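The first residue of the sequence shown is numbered 1, and numbering continues consecutively from there. In each ligand, atom 1 is the first atom listed, and ligand 1 is the first ligand listed. Fair warning: this is a prediction, and the values are worked out from it, not measured in the lab.
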Amino acid sequence: MRRKLVVGNWKMHGSRPANAELLAALLAARPLMGPGGDVAVCVPFVYLGETAAQLAAGDIRWGAQDVSPHAQGAYTGEISAAMLQECGCRYAIVGHSERRAYHAESDELVAAKAQAALGRGITPIVCVGETLQQRDAGETESVVKRQLSAVIHTLAHCAAEMVVAYEPVWAIGTGRTATPEQAQAVHAVLRAQLQAATGHAERMCILYGGSVKADNAAALFAMPDIDGGLIGGASLKAADFIAICRAAG
Ligand code: PEP
């Protein structure tokens with residue numbers, strides 16, 4: 001039986017006082033979220049230290065929203081997996097569609113980032129997903145399989161250690177979520193691909209992301225291959241994020 005996982009992606013939001021208030025509310029509500037699921041927040045790099053300090057004594061994990069593929073060196077502005085490890089990060093999101101789109105991240109770069117994270121014991125949350133144009137052209141399956149295949153190929157025997165997040169680009173931040181059936185269909189494709197590559201897909205976590213809200217989370221999480229969610233906008237409001245976590249627990 002796989003555990004559910006709900007991860008908040010704060011993106012480039014937050015401030016010290018707002019973060020402290022949000023995390024305090026999550027910590028206070030954590031016992032009510034149910035024992036059947038894990039909860040994490042992926043915060044901007046600069047807030048990792050404070051997040052770690054505030055969450056250290058609780059049962060909420062934390063992570064980053066990106067990681068450098070390089071171990072160290074002259075890479076101005078980059079943050080290495082070793083640095084994230086020092087901050088106690090459990091997760092690093094890689095290949096988010098915003099980074100693929102605005103920073104031209106290729107499948108190969110995403111794979112290298114996933115490998116760098118795993119090399120430091122940080123679980124990469126590998127995002128895959130199609131644009132609306134690709135969906136309308138009937139390319140959803142080939143796009144997500146291509147994106148995932150690059151990571152599987154690079155991680156090789158460690159591929160079963162990643163978390164995969166299916167995030168249709170047309171559903172991110174748009175208020176238009178995939179139906180549970182649409183999401184499940186893609187999750188099943190991804191799990192079959194993971195099974196063929198690792199032989200351990202039954203224990204792998206595949207999250208859904210894209211306009212998950214308190215009122216649609218339970219139906220999505222009830223699908224057999226949806227193991228939780230990667231939550232953007234709704235992770236910034238304590239009441240909404242807590243309700244989503246409860247739907248998973
Ligand atoms: C995301 O950014 O990963 C995301 C899923 O955003 P939202 O929940 O706001 O659609």
(request) Inspect the contact between R135 and E139 and indicate whether a charged nitrogen and a carboxylate oxygen are less than 4.0 angstrom apart. (result) no

Which protein N or O atoms sit under 3.5 Å from any N or O of ligand 1? Give atom names and distances.
unit_1   : atom_1 : unit_2 : atom_2 : d
ligand 1 : 2 (O)  : N9     : ND2    : 3.4
ligand 1 : 2 (O)  : K11    : NZ     : 2.6
ligand 1 : 2 (O)  : H96    : NE2    : 2.9
ligand 1 : 3 (O)  : H96    : NE2    : 2.9
ligand 1 : 3 (O)  : E167   : OE1    : 3.1
ligand 1 : 3 (O)  : E167   : OE2    : 2.7
ligand 1 : 8 (O)  : G232   : N      : 2.8
ligand 1 : 9 (O)  : G233   : N      : 2.8
ligand 1 : 10 (O) : G173   : N      : 2.7
ligand 1 : 10 (O) : S211   : N      : 2.7

(message) Whether the Q133 and W170 side chains hold a donor-acceptor pair (N or O, under 3.5 Å, no angle test) is what I'd like checked.
(response) no

(message) Can you tell whether the side chains of D227 and R203 come within less than 4.0 Å, N to carboxylate O?
(response) no

(message) Side chains of D225 and Q184 only: does a donor on one sit below 3.5 Å from an acceptor on the other?
(response) yes

(message) So that I can tick it off, tell me whether R100 and E105 are bridged by a salt bridge, with the cut-off set at under 4.0 angstrom between side-chain N and carboxylate O.
(response) no

(request) Check whether the side chains of Y166 and E130 place a donor and an acceptor atom closer than 3.5 Å, and report yes or no. (result) yes

